[in-house]
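See structure below.
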Amino acid sequence: QPITYKLANPDHYSYVESGAHLYVGHLRSGMIQILDRSSGKEVSRIGNCNTLHGIQLDEQTGRILVGCNSNVMIIGSRGAEANVELGRVNYPIEQRAAVFMEGKNRVIWAFTEGTLPALYRLDLKTEPWTFDVLPVSRAIQQHVSADGNYLLVYTRSGELEIRDGDSGQLLRKLTISGPVELVLDEHVDKAILPGIVTLDSTAFVSLPYEGRIVAVDIERGTIANTFDIGGEPTRMVVVANKASPKILALADKAAEGRWYGADEISAGANTYRLNCGVCHGEQAQGNFGQGNIDSTPVTAPPPLNGSAHAA
């Protein structure tokens with residue numbers, strides 16, 4: 001059954017789950033709201049984190065990093081440390097951390113938006129935790145590959161730097177666009193920031209000011225493909241091609257004589273799960289009766305499995 005979590009205020013949120021609790025960061029309120037995952041009830045709050053943005057769980061210790069305007073707050077989530085502020089990690093230069101990404105060997109990379117002269121490196125294996133500074137040249141977008149092996153840095157010179165996900169050492173560098181001199185803004189109503197996502201050994205970099213997406217072979221440091229799509233492509237999401245064994249077993253028979261095959265059926269199943277299943281049901285069985293969205297009564301989503309008509 002769905003669980004309703006009552007958040008403290010309308011805000012910009014970031015969150016992680018750890019153990020029995022959900023830790024929700026509130027940007028404007030500057031606090032972490034701790035909720036019981038099974039009941040949805042509030043357990044506690046931890047404040048004094050101005051302009052809270054970014055949150056990261058260290059799976060090994062259960063400690064949570066929270067990006068504040070002037071430092072990073074550390075909160076425990078296990079044992080005697082649970083739901084207690086454990087301390088702060090100061091920024092070594094006048095640049096905050098608003099995004100955390102997990103690299104290799106329990107190294108965390110931290111950065112914010114804008115044109116950056118440096119990135120932060122935090123080695124969770126070494127206590128007390130302190131930030132190291134990795135100098136970069138006018139970086140405008142950063143990403144860590146899904147396996148943590150590579151740190152990718154796109155700069156205003158139009159170059160993509162491929163760095164080691166642990167040390168930050170530069171491994172390869174290639175030009176993927178012309179120089180970027182436009183004003184870049186993270187705000188959602190005027191964002192034209194480039195984006196980076198990875199799938200296996202390929203990095204996809206969107207170039208909104210050129211109307212293109214570039215696919216880069218990370219291992220070789222070469223451009224694998226370019227997609228001229230027009231418009232201003234910014235954020236991207238990788239939809240993994242994973243379906244249940246039952247769907248895959250039926251795929252070949254279901255696709256006989258049709259344009260699509262097992263790969264398309266698998267991708268479609270994942271798309272349905274991510275975007276449709278929450279309302280229409282995991283098996284497309286629908287949800288009968290009345291539902292509500294933001295307290296407004298609506299007709300519940302109908303079945304999509306052929307057992308009823310869906311308008």
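For the numbers below, each heavy atom of this structure counts, side chains included, while hydrogens, waters and symmetry mates do not.
The aromatic ring centres of Tyr15 and Tyr23 sit 6.0 Å or more apart.
With hydrogens and angles left out, the side-chain atoms of Asp11 and Asn9 include no donor and acceptor closer than 3.5 Å. With no hydrogens or angles considered, no side-chain donor-acceptor pair links Thr222 and Asp217 at under 3.5 Å. For the residue pair Ser18 and Arg78, no side-chain donor N or O sits within less than 3.5 Å of a side-chain acceptor on the partner. At a cut-off of 3.5 Å, with distance as the only test, no side-chain donor of Thr198 or Tyr150 sits close to an acceptor on the other residue. No donor-acceptor contact under 3.5 angstrom links the side chains of Asp200 and Thr202, judged on distance only.
Of the candidates Val133, Ile108, Val89, Thr112, Tyr120 forms a side chain to side chain contact (heavy atoms under 4.5 Å, CB included) with just one, namely Val133. Each of Arg163, His143, Gln141 was evaluated against Val153; a single residue qualifies, Arg163, per the side chain to side chain contact (heavy atoms under 4.5 Å, CB included) test.
The backbone N or O of Ala8 lies less than 3.5 Å from a partner atom in the side chain of Gln33, making a donor-acceptor pair. A donor-acceptor contact shorter than 3.5 Å is absent between the side chain of Arg28 and the backbone of Thr51. Put simply, the side chain of Arg37 never gets that close to the backbone of Ala20: no donor and acceptor are under 3.5 Å apart.
The aromatic rings of Tyr154 and Tyr209 sit parallel to each other, their planes meeting at less than 30°, with 60° as the upper class boundary.
Contact check for His26 versus Leu7: side-chain heavy atoms found under the 4.5 Å cut-off.
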